[in-house]
Amino acid sequence: MTRSILIVDDDEAFASTLALSFERKGFKASVALNKEQAMLVAGQQQFTDMTLDLNLGEQSGLQLITQLRGLQPNANILILTGYASIATTVQAIKLGADNYLAKPADSAAVLRALDDDAGADISRDDDPSDFQPMSVSRLEWEHIQRVLNEHDGNVSATARALNMHRRTLQRKLAKRPVGR
């Protein structure tokens with residue numbers, strides 16, 4: 001049986017490159033650039049695998065997980081994002097995603113994540129001697145992401161909850177923390 005993959009990403013160049021890479025590996029690849037296209041394509045054909053960008057322009061890929069899972073109950077769903085956080089990872093898995101991978105990612109990394117057991121990248125058995133605490137900027141980023149998630153992505157409500165000016169929050173959201 002030939003594997004088929006639906007790539008849902010608003011970055012057309014990335015999605016096309018990933019699709020071409022998977023076609024070279026023997027997959028049948030389809031691309032959707034937004035929620036509407038994804039629902040249309042997923043309703044018309046069966047897929048063994050799906051990649052879903054967390055940020056689809058102004059839309060959240062998290063809202064699409066349940067709908068895609070309803071149409072494709074047996075497909076592996078992998079969330080891809082350039083803005084990984086613990087809060088969104090946990091929510092994605094709870095909503096039905098099988099795994100989560102931070103961008104940039106090539107087709108080999110995506111394929112490994114699709115073939116891993118559910119959540120394998122999230123619940124690693126780390127050697128305690130290798131433990132390094134998160135940096136203060138990473139802790140702040142994780143906290144902001146959790147509160148943002150609690151307010152359904154509403155920046156103004158999140159800023160009020162954090163007792164922070166909205167513009168300050170927007171600047172912090174635009175910066176991605178380095179390292180752990």
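Of the inter-residue distances, the one linking Arg160 atom CZ with His165 atom NE2 reads 12.0 Å to the nearest 0.5 angstrom. The distance from the CE atom of Met39 to the CG atom of Leu68 is 6.0 Å, given to the nearest 0.5 Å. Here CZ of Phe27 is found 9.5 Å from CD1 of Ile7. Values are rounded to the nearest 0.5 Å. Expressed to the nearest 0.5 Å, how far CG of Leu52 lies from CD1 of Ile77 amounts to 7.5 Å. The CD atom of Gln44 sits 11.0 Å away from atom CG of Leu71, with the distance rounded to the nearest 0.5 Å. Put simply, CD on Gln45 and CG on Leu40 are 10.0 Å apart, with the number rounded to the nearest 0.5 Å.
For the pair Leu169/Thr158, a side-chain contact is recorded, criterion being any heavy-atom separation below 4.5 Å from C-beta on. When side chains are defined from C-beta on, Ile5 counts as touching Leu114, because their heavy atoms get closer than 4.5 Å. Side-chain atoms of Val8 and Thr51, non-hydrogen and from C-beta on, never get closer than 4.5 Å to each other. Taking 4.5 Å as the limit, some side-chain heavy atom of Leu18 sits within range of a side-chain heavy atom of Leu80. By the 4.5 Å heavy-atom criterion applied to side chains, Leu101 and Arg112 are not counted as neighbours. With a 4.5 Å cut-off on side-chain heavy atoms, Leu148 and Leu173 count as touching. In this structure, the side chains of Asp49 and Phe22 stay at 4.5 Å or more apart for every pair of heavy atoms. At a threshold of 4.5 Å between non-hydrogen side-chain atoms, the residues Ile79 and Asn99 do not count as touching.
Legend: residues meeting side-chain contact (heavy atoms from CB on, under 4.5 Å) with Arg166, ordered by chain and number and at least two apart, are Val155, Ser156, Ala159, Gln170. The side-chain contact (heavy atoms from CB on, under 4.5 Å) test applied to Ala13 returns Asp11, not counting sequence neighbours.
Atom CD of Glu12 has 12 or fewer heavy atoms from other residues, nucleotides or ligands within 6.0 Å.
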*Could you walk me through whether Asp115 and Arg3 pass salt bridge (Lys or Arg N to Asp or Glu O under 4.0 Å), step by step?*
CA-CA 12 Å; Asp115 290 340; Arg3 286 176 75 176; 3.0 Å; yes
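Using modelled atom types, one side-chain atom of Thr48 and one backbone atom of Ser4 make a donor-acceptor pair closer than 3.5 Å. At distances below 3.5 Å, not a single donor-acceptor pair connects side-chain atoms of Thr168 with backbone N or O atoms of Met164. Using modelled atom types, no side-chain atom of Gln46 and backbone atom of Gln72 make a donor-acceptor pair closer than 3.5 Å.
Between Val31 and Ala15, the shortest heavy-atom contact is CG1-CB, 3.6 Å. Of all non-hydrogen atoms in Leu64 and Ala38, the two that sit nearest each other are CD2-CB, 4.0 Å.
The side chain to side chain donor-acceptor pair (under 3.5 Å) analysis of residues 16-34, with sequence neighbours excluded, yields the pairs Ser21-Ser107. Residue pairs satisfying the ring pair (Phe, Tyr, Trp, His ring centres under 6.0 Å) criterion with at least one member in residues 145-164, sequence neighbours excluded, are absent. Residue pairs that meet the ring pair (Phe, Tyr, Trp, His ring centres under 6.0 Å) test with at least one member in residues 41-63, sequence neighbours left out, do not exist here. Legend: salt bridge (Lys or Arg N to Asp or Glu O under 4.0 Å) pairs involving residues 63-82, not counting sequence neighbours, sorted by first then second residue: Arg69-Asp98.
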